[in-house]
S.K.: 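Take this structure first; my questions come after.
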Amino acid sequence: MRPTTFWIAIFCDKKKVCFMMTANEIRQQFLDFFIKKCGHAYVHSAPMVLKNDPTLMFSNSGMVQFKDYFLGNRTAEHKRVANSQKCLRVSGKHNDLEDVGLDTYHHTMFEMLGNWSFGDYFKKEAIQWAWELLTEVYRLPKDRLYVTVFGGDQKEGLARDEEAYQLWQQHIDPSRILYGSKKDNFWEMGDQGPCGPCSEIHIDLRPDAERAQITGYDLVNQDHPQVIEIWNLVFMQFNRKADGSLEPLPDRHVDTGMGFERLVRAIQGKVSNYDTDIFQPIIRQLEQDSGKNYHQAEKENSKVAVAMRVVADHLRAVTFAIADGQLPSNNKAGYVIRRILRRAVRYGYTFLGFRKPFICHLVPLLAEQFASIFPEVKAQSDFIINVIREEEAAFLRTLENGLRMLDSIIAQSANAKIIDGKIAFELYDTYGFPLDLTALIAREHGLLVDEAGFDKAMQEQKERSRNAAASEKSDWVVLEASEEPTEFVGYETDEAQARLLRYRAISDKKGTQYQIVLDRTPFYAESGGQVGDTGLLIVHGEHPRKIRITDTKKEIDQIIHFTYDNLPEILANTAHAPTVTAMIDSSRRRLIECNHSATHLMHAALREVLGKHVVQKGSLVNDEMLRFDFSHFAKMTDAEIEQVEKIVNAKIRANIALEEQRNVPIEKAKAMGAMALFGEKYGDFVRVITFDKNFSVELCGGTHVPQTGVIGQFKIVSESSSAAGVRRIEAITAAKAEEKINQELALLNSVRNLLKNPKDLLKAVENLMEEKQALQKELEHLHNQALQSVKQQLLKQVADKNGIQFIATRVEVTKPEALKTLAFQLKQAIDNLFAVLTAEIDGKVHIAVMIAETLVKERNWNASQIVKELAKLVEGGGGGQPFFATAAGKNTANLSAVLSAAEQLVNQ
RNA sequence: GGGGAAUUAGCUCAGAUGGUAGAGCACUAGCUUUGCAAGCUAGGGGUCAUCGGUUCGAGUCCGAUAUUCUCCA
């Protein structure tokens, strides 16, 4: 990474010309300062989207990727590290998604600059370096800076952080140091885990006149938009346990986080993060595309400015998420991304007048902007653009539907002057219409929305969901303390002796499960798409006991075994850390391995057949099948699918031996041509799986067949789309494939037998279908003809009675539908018609009454009422319209009575 | 995992309260035009997602299934 070395000249303070650092330069100076001057190692940002952490969906701060170091689960490779971490926050104290864009300094996606000490330096250096960087390198005015230190907490029994106070005094006047409460100055990762006092640096960016009136000291931590925290130095020295108590950590760490966007704003002297060169290029593009002016809108306090901020912010979140492999979808992390994108579309739709996808056009700008620090966006920009465009288009359609629906609701509610809260919620729920948008449109029509009703409906829905989820974790029961991560021996063996180190209970609606940690295990934990192993733990002792393992998962690099068996009871009489024999379900594992190795072969084959743009976007491997999602823009043709199958099966027959290399330096692995995935966090050393070094080389932690011949057979069963620009293939291997092929062949055989073994089966079926259609047409035609002749006869029977063209007769037809058709045809042929047609079909009497519209009006006759009267005679019922009605009854003996009753009607 | 909605012609969609399945675009033919673009006229095209139920009668009401969308966790 090289600093971009151009300067932008700008005018500030009207007269003075000063030079302003670009955002890219500011970031680079931070990294240079800690790396070159203070001996830190640079670490690339972890993916913004997390894969193996059940407690968190996204990196929400810089420390997430270092969590294990703080927890003591792993020792750091470098004791001093500096980085810029991509972060995403959509909920929390200040980061509720619905608030972002309303102000000028909160974001969903942001960068967090940080310097880190893992058991190395502590408060002294952290404070000194922070001060030096801000005041000497960035030359921020000292008279605008304030710092806070932890003021102690009686309830926790924690003293003031005098040490930090003393250290700060060496740099800054005591009148600029504030003591803070536990809320502001004691940092915790969550309910449990490492924590400690922190010290924040705040900056007062108000104009001098305002500063003279009220001092910045009084505005620190008061939510003033111009007096803001820019850097938080966290000194981790405690571990919070599940029962709430604190214990000192063996090693003390430093974790600092500086909000990059705010820092840039402070250095560039702007009143808003969005006025910095991080956001301005995007906003300028938006101005061009929408024909609206941002700063004008800002002055007028119009929603146009909010909308541009929302779009500029959300664009970043969505783009980086997709670059890290998280596509918008309908659940979990994917749903968060979808919601963010939709919020941006909504604002663009309502306030910027966009009716077609517009966010996707901004991606190239962003890709260029971050090319040096986060190249993953530029490398995939075509793909990202496609995904965003499709998602935008889909939501715009939904929006239009909702608007139509809202229109009709407004039309119906015009008298009530209020829109039912339940309906507003339905709009929100089904069409993604937020309340404010519904309210806005309602207001334009002079209506209000019942907000209380909306909240109630929302609350009810949340309640339903919560009851369905909710789980509770107990503390770990530690049988033997250990800081080593579990050793995985499953590459070599299916069975191993191990010690049971700790376990805990997890309860939810479905019952209680136990999680188990061993010192070593052959159980593969679900990862990289490969499902976790199942199997048994046998607890040794006088009375050996079995623990059935139903699943194995990773939790921040710990291998966790899951069981529903009652662990406290099983372990009741065992000494601490009992010895167990851990054995996986081997036959299941062998099937999984076939599918996993086949996935690698298929991945390589796809790249050969479709092109190098094919990149894995998701993978599932279990004992039944494999599922593989990859980037590709068109449906695969049958020929392409066939070719992929052919290549994979050829490689299987070639019986290529597995080549497994562990602890390969990542750079070397890449040089070998190994496919690494975006959005996947790799360590410095990786495992490389090769099947023929000229064919398939992948970084992979999963388990594989020893040679490809074991797979036996490979068969693609479906190819479909899973998202915009992403195709999904499902395939089967080994015995499953054989079974499937045999089934299909058997099916084909029985069809062939049915058709008496024709030469060309396909042609035979086609003929059959054509013939059937022709016959159907002909039958219809004949039916019509038959009806025509009946109609001709009926026409002759029509007689004039008192000026009414009357007919009442029984006809021979086979379907009730025919009575109806005849009645309508008679009506078309004869004016002033009064027709009563009856027929006996399937043991029931059917009656149809047709009355000319003129008679309906003149004589006030009603076919519906008449038919009801007539139906009574045959113990039936019926109804219809005034001019035409039908009925049916079961008393066939009285059929003629119906006809004479009809005659009487006319004679009256 | 839970709630809600949608599925009608090749495509995009209408079809209050159950009562003879429709429009626009696309398609075919004829006419108009030097040709194109287009216009006019006529026509073909439907298992109203599937299965079952209620009813004299179901695209419409009820139940199940499938697929898609949507909201919540």
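Throughout, protein chains are lettered first and strands after them, A, B, ... in sequence-line order, and every chain is numbered starting at 1.
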S.K.: Strictly below 4.0 Å, heavy-atom distances to any atom of RNA chain B: list the hits from residues 815-832 of chain A, or just say none.
M.R.: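 Close to the strand are A:Lys820, A:Phe824.
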
S.K.: Measuring from A:Asn894:CG to A:Glu875:CD, what's the distance to the nearest 0.5 Å?
M.R.: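 Between atom CG of A:Asn894 and atom CD of A:Glu875 there are 7.5 Å.
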
S.K.: Please give the distance between the C1' atoms of B:rU54 and B:rC62 as a whole number of Å.
M.R.: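 Here B:rU54 and B:rC62 have their C1' atoms 7 Å from each other.
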
S.K.: Go ahead and write out RNA chain B as dot-bracket, 5' to 3': ( ) for pairs within the strand, [ ] for ones crossing earlier pairs, | when the partner sits on another strand, dots for unpaired; Watson-Crick or G-U wobble, both distances under 3.5 Å.
M.R.: (((((((..((((.....[..)))).(((((.......))))).....(((((..]....)))))))))))).

S.K.: What interatomic distance, in whole Å, is found between P of B:rC13 and the corresponding atom of B:rG18?
M.R.: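 That atom pair is separated by 26 Å.
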
S.K.: Please give the distance between the P atoms of B:rG22 and B:rA16 as a whole number of Å.
M.R.: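 Between the two P atoms, the distance is 14 Å.
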
S.K.: On a whole-Å scale, what distance lies between the C1' atoms belonging to B:rG53 and B:rU60?
M.R.: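 Per the computed distance, 15 Å lies between those C1' atoms.
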
S.K.: The criterion is side chain to side chain contact (heavy atoms under 4.5 Å, CB included); which residues satisfy it with A:Ile841, sequence neighbours excluded?
M.R.: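 Side chain to side chain contact (heavy atoms under 4.5 Å, CB included) list for A:Ile841, sorted by chain: A:Val813, A:Pro816, A:Ala839, A:His846.
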
S.K.: Suppose you measure atom P in B:rA49 against the same atom in B:rA6; what distance do you get, rounded to whole Å?
M.R.: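 Looking at atom P only, B:rA49 and B:rA6 are 12 Å apart.
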
S.K.: Please measure how far the C1' atom in B:rG44 lies from the corresponding atom in B:rG1, and state the result in whole Å.
M.R.: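 Comparing C1' positions in B:rG44 and B:rG1 gives a spacing of 49 Å.
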
S.K.: Ring pair (Phe, Tyr, Trp, His ring centres under 6.0 Å) for A:Phe824 and A:Phe884? Distances and angles first, verdict last.
M.R.: CA-CA 9 Å; A:Phe824 275 92; A:Phe884 176 72; 5.0 Å; yes

S.K.: Between A:Asp324 and A:Met48, is there a donor-acceptor pair closer than 3.5 Å when you use the side chain of the first and the backbone of the second?
M.R.: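 Checked: pair present.
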
S.K.: What is the minimum heavy-atom distance between A:Leu899 and A:Ala808, and which atoms define it?
M.R.: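 That closest heavy-atom pairing would be CD2-C, 3.7 Å.
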
S.K.: Round to a whole Å and report the spacing from CG of A:Leu341 to P of B:rC71.
M.R.: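 After rounding, the gap between these two atoms is 11 Å.
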
S.K.: For the P atoms, the ones on B:rG39 and on B:rG46, what distance do you get once it is rounded to whole angstrom?
M.R.: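 Nearest-Å result for B:rG39 against B:rG46 at atom P: 26 Å.
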
S.K.: Using a distance-only test with no angle check, is there a side-chain donor-acceptor pair under 3.5 angstrom linking A:Gln805 and A:Asn832?
M.R.: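 Absent: no donor and acceptor within the cut-off.
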
S.K.: With side-chain contact (heavy atoms from CB on, under 4.5 Å) as the criterion, how do A:Arg346 and A:Arg343 come out once you've worked through the C-alpha distance, each side chain's angles and the decisive distance to 0.1 Å?
M.R.: CA-CA 5 Å; A:Arg346 217 179 75 217; A:Arg343 182 165 183 261; 3.9 Å; yes

S.K.: For nucleotides B:rG52 and B:rG4, find the distance between their P atoms and express it as a whole number of Å.
M.R.: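 To the nearest whole Å, 26 Å.
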
S.K.: Measure the CD-CG distance between A:Gln828 and A:Leu826 for me, rounded to the nearest 0.5 Å.
M.R.: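 Going from CD on A:Gln828 over to CG on A:Leu826, the span is 10.5 Å.
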
S.K.: Specify the closest pair of heavy atoms between A:Ile807 and A:Leu794, including all atoms of both residues, with the distance to one decimal.
M.R.: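 Heavy-atom minimum between the residues: CD1-O, 3.5 Å.
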
S.K.: Of all residues at least two apart in sequence or in a different chain, which pass the ring-ring contact (aromatic ring centres under 6.0 Å, His included) check with A:Phe834?
M.R.: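 Residues passing ring-ring contact (aromatic ring centres under 6.0 Å, His included) with A:Phe834: A:Phe806, A:Trp861.
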
S.K.: Describe, in one word, how the ring planes of A:Phe358 and A:Phe354 are oriented to each other, choosing from parallel (under 30°), tilted (30 to 60°) and perpendicular (over 60°).
M.R.: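 Parallel.
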
S.K.: From A:Met850 CE over to A:Gln881 CD, what is the distance, rounded to the nearest 0.5 angstrom?
M.R.: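 Interatomic distance, A:Met850 CE to A:Gln881 CD, rounded to 0.5 Å: 8.5 Å.
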
S.K.: Tell me the closest heavy-atom pair linking A:Val867 and A:Gly878, and the distance in Å.
M.R.: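 Scanning both residues, the minimum pair turns out to be CG1-C, 4.1 Å.
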
S.K.: If every non-hydrogen atom of A:Ile340 is compared with every non-hydrogen atom of A:His314, which pair is closest and at what distance?
M.R.: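 Residues A:Ile340 and A:His314, closest heavy atoms: O-CD2, 3.2 Å.
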
S.K.: Does B:rA16 adopt a syn or an anti glycosidic conformation, taking syn as a chi angle within 90° of 0?
M.R.: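 What B:rA16 shows is a syn base, its glycosidic angle lying within 90° of 0.
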
S.K.: Pick out the pairs of N or O atoms, protein on one side and nucleotides 15-17 of chain B on the other, that lie under 3.5 Å.
M.R.:
none

S.K.: Give, ordered by number, those residues of residues 864-891 of chain A having at least one heavy-atom distance below 4.0 Å to an atom of RNA chain B; if nothing qualifies, reply none.
M.R.: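 Correct list: A:Gly877, A:Gly878, A:Gly879, A:Gly880, A:Gln881, A:Thr886, A:Ala887, A:Ala888.
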
